[in-house]
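Worksheet for the structure shown next.
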Amino acid sequence: MAAADSSLSDNPRTFSRRPSAQASRQAKATKRKHQASSEAPPAKRRNETSFLPAKKTSVKETQRAFKGNTQKTFSPKKHSVSPSDRNQEERPCIKTSSLFKNNPDIPELHRPVVKQVQEKVFTSAAFHELGLHPHLISTINTVLKMSSMTSVQKQSIPVLLEGRDALVRSQTGSGKTLAYCIPVVQSLQAMKSKIQRSDGPYALVLVPTRELALQSFDTVQKLLKPFTWIVPGVLMGGEKRKSEKARLRKGINILISTPGRLVDHIKSTKNIHFSRLRWLVFDEADRILDLGFERDITVILNAVNAECQKRQNVLLSATLTEGVTRLADISLHDPVSISVLDKSHDQLNPKDKAVREVCPPPAGDELDNFAIPESLEQHVTVVPSKLRLVCLAAFILQKCKFEKDQKMVVFFSSCELVEFHYSLFLQTLLSSSGAPASGQLPSASTRLKFLRLHGNMEQEERTAVFQEFSHSRRGVLLCTDVAARGLDLPQVTWIVQYNAPSSPAEYIHRIGRTARIGCHGSSLLILAPSEAEYVNSLASHKINVSEMKMEDILCVLTRDDCFKGKRWGAQKSHAVGPQEIRERATVLQTVFEDYVHSSERRVSWAKKALQSFIQAYATYPRELKHIFHVRSLHLGHVAKSFGLRDAPRNLSALTRKKRKAHLKRSRLRKSAGFAAGAQP
Ligand SMILES: Nc1ncnc2c1ncn2[C@@H]1O[C@H](COP(=O)(O)OP(=O)(O)OP(=O)(O)O)[C@@H](O)[C@H]1O
C-alpha cells in the first residue's frame, strides 16, 4: 500500500511538499482522529520547563548550535503541510539544537549471561497416530498442510481427548491453538446425537483481544470443513450488537469471544444458553486477568455454572503467572499441568490426594522463567532520550528501506504514542523516501509501508489492518500491546520495543510475534541510559539479550542521501566517520522538529503524545519503579524524541491530574478485584 512519493526535491536536505498518495490518504484518516484535540491553545512561552527539577538544558541547548555546519537552518516551507497550517508555517528559519551534547553516558552493560530456557518445537509424531476422525486428519494434512505434531500438541491432545481439564504452557508460536481446537472438534463431531445449530454453544473459547478472536475463529472454521453441521461463531465487540444477537439466535456451537462482549450478551440477550456446554477454553489466560477481566470472568463462570456442571476446562498461555494460578483455582477441576519445558506431564489418578499436589501449575521460580524460541535473536540498544526518535527511524529505514522483505512490529506503550509516531513517520519518512538515493536498492523507495493497530481504532479499520499486515510480505506495524498476545502474523522478521514492557511476561509475548514455529526472527529493545538495569531484570528471568550499538544503527543514515549534511553535499566520495553520522542524525531530527513546529496545532499534538508517554511511564509496576521512574526522565531530552525543541510548560499540572485520575481508576479496579492495566 505504500508507494513512496517520487517527487523528492532537488535539495537532498529538503523534502517534497507533496506526500505520496498513501501518505496523504493515511494522514487524512489520522487527522480526523486528532481533530478533537487539535484546537488546544498554543503554548505561549515555549522555553519554560516546569515538570521536573532536572537542569534546564533545553533553553540554552536549543539555541546553542551544533558546531560548524550542523547548525542548520531549515525553512518549514519546504515540508508537506496541510493548507490550514500554511499561515503558521510562514515563519523565520529555526535553529536546530544539539542532539549529541549533554547526554548522559551510556553505561556499559554488564549483563550476566544466562542459559535460556528452551523447548523443542516439533516432534516426529504424526497426527494420524491420535486416532482422530479420518476427515479431521485429512483436513489437518491438506487444508492446514501439517503432518507432524508440535511438542505441545503431542502432549496436550491425548490428555484433552481423555476428558481431563488441563493447564497448558508452552512457548510462543508453538501451536497451542490447535492443541485445544483439535480435541474440541474431534469430541464434538463424535457426539452420538448429532449437534444441531439451534443447540447453542458446546464449546466456549475466551480470548483477550478481538484480533485473536478472529484468528482463532479462522482456525476452528478450517478444522470444521468436513463437519458442516457444527457452526462456529465469533463475538468480539465492534460489530453491531443486533447482528451478533441474530447470529446467536440462529445458533453458534463453537463460540469464540472476548470476555467483555460475552458479558454484554449474557446480560442483554435472552438467546444465549450454556446448558449443553462441554468445553470452556481460556486462551492467553494470564492476559485475560491482566486486562482487568476478572469481574467479567466471574460473570461468565456464574452464567455457565448455573446451567452446566460437567465440562472440560482448558487454560493456555506461554507465560504462567500468578493470574493463571488464580484463574486455575476458580475454573479448573483436577487439572493436568502440561509444560513442554520439563517434558513431563502428570496424568495420575486425580482422586488420589497425595498425587494431586503434583498436578497444580508450576510455582515459585519456575513461574518466572519462560521459554524463548531458539531461533530468536534478542538485542538491546541503549540510547539517550534525545536520540530515541532518530534511532528508531534509522532502524526502520535500515531494515525496511534498505533490506528486502522485512516485516517489523514496533511496540509502544499507548494508543496516542502509536498515532503520533505513525503520522510523524508517514509525513516525514515516507515523503522523504521518494526517489532512490545513491547506494539504495532501486526498489527501496517502495519498501516503506506503515500500518498501525491499537485499541482506540474503529473495529473495521482494526480488522483491515490486521488482515493487511498478516498477508503482507513487508511493512512496519506500529502498535500497542493489543498485538502482543497470540497474534500469528506470518513472517515477521523484527520486533522492536520502543517502550519497555511492564513485565517479563509481556516481553516474552511481544518478541513472540516473531520466530514462530521454528522460523528465524530478531528483536530489539530500546532503553534509555537510566533504564539499562532492565537488562539484569530480564536476565533474572533467564532472558538473554546482546547489545547493539546506537552508532551502528545511526550509521544507516549515511546510505540515505536525504540526510546528507551541507559539508558533504558537494563531495563526490569521502570516508564515512562519526561526525558525518552525527550530522545526518541531526538532519533527520531537524526534519522531525520542523514538521512538528510547522504549526501550533502540531506542537500541541506532540505535547499530548509526550504527556501520554509520561503517563504510561508512571504506571510501571512497583518492582520496576527503581528502573522506570518519572523522576529519572529529563523532560527537555524526552521532549526532543517527540520533535519538540523545548520541554513544554504546564505539563506537570496536566500529568498530575491525569495520574490522579489513573490512580483513582486503578484503586477502584483493585477494590473490585481487578488487576491493574492500561487500555492497550
Ligand atoms: N503441527 C504443526 N505443524 C506446522 N505448523 C503448525 C503446527 N501447529 C501449529 N502450526 C502453526 O504454527 C503457528 C503458531 O501457532 P499458534 O498461533 O497456535 O501458536 P501459539 O503457541 O498459540 O502462540 P502464542 O503463544 O503466541 O499464542 C501457526 O501459524 C500455526 O498454523
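Just so it is clear, the model here is predicted, and its values are computed rather than measured. Count residues from 1 along the sequence. Ligands are counted one by one from 1 in listed order, and the atoms in each one are counted from 1 as well.
Residues Lys407 and Leu477 form no side-chain contact, since every pair of their non-hydrogen atoms from C-beta on lies 4.5 Å or further apart. Phe412 has its side chain out of reach of Val496: every pair of non-hydrogen atoms, C-beta onward, lies at least 4.5 Å apart.
Residue, atom and distance of the protein heavy atom nearest to atom 27 (O) of ligand 1 are Glu284 OE2, 2.9 Å. Regarding atom 21 (O) of ligand 1, its nearest protein heavy-atom neighbour is Lys176 NZ, 2.8 Å. When hydrogens are left out, the protein atom nearest atom 8 (N) of ligand 1 is Gln153 NE2, 2.8 Å; that is the closest non-hydrogen contact. Closest to atom 12 (O) of ligand 1 among all protein heavy atoms lies Ile517 CD1, 3.3 Å. The nearest protein atom to atom 31 (O) of ligand 1, hydrogens excluded, is given as Met146 CE, 3.2 Å; this is a heavy-atom distance.
Other residues, nucleotides and ligands contribute only 12 or fewer heavy atoms inside 6.0 Å of the CD atom of Glu374. Residue-environment remark: NE2 (His133) exceeds the threshold of 12 foreign heavy atoms within 6.0 Å.
Across the listed options Gly512, Gly175, Ala125, Ala179, Gly175 owns the non-hydrogen atom lying nearest to atom 15 (O) of ligand 1. Taking only non-hydrogen atoms, the option from Gly173, Ala318, Ala484, Ser216 nearest to atom 24 (P) of ligand 1 is Gly173.
Looking at Arg516 against ligand 1, only its side chain comes within 4.0 Å, counting heavy atoms. Contacts with ligand 1 closer than 4.0 Å are made by backbone heavy atoms (N, CA, C, O) of Gln171 only, the side chain lying farther away. If you look at Thr177 next to ligand 1, the close heavy atoms, those under 4.0 Å, come from the backbone and the side chain alike. Heavy atoms of Ser148 found under 4.0 angstrom from ligand 1 belong exclusively to the backbone. At a heavy-atom cutoff of 4.0 Å, ligand 1 is contacted by the side chain of Asp488 but not by its backbone.
His454 and Glu419 share a side-chain donor-acceptor pair at under 3.5 Å. Donor-acceptor pairing under 3.5 Å is recorded for the side chains of Thr319 and His509. In summary, the side chains of Asn141 and Ser147 do not present any donor paired with an acceptor at a separation below 3.5 Å, with no hydrogens or angles considered. In this model, a donor atom of one side chain and an acceptor atom of the other lie less than 3.5 Å apart for Gln497 and Arg510. Side chains of Gln378 and Ser523: a donor-acceptor N/O pair is absent below 3.5 angstrom, by distance only. A donor and an acceptor atom, one from each side chain of Asn305 and Arg311, are located under 3.5 Å apart.
If you number the atoms of ligand 1 from 1 as listed, the ones under 4.0 Å from a heavy atom of Phe127 come out as 1 (N). Taking every non-hydrogen atom of Ser174 and a distance limit under 4.0 Å, the qualifying atoms of ligand 1 come out as 19 (O), 20 (P), 21 (O). Less than 4.0 angstrom separates some heavy atom of Arg513 from each of these atoms of ligand 1: 26 (O).
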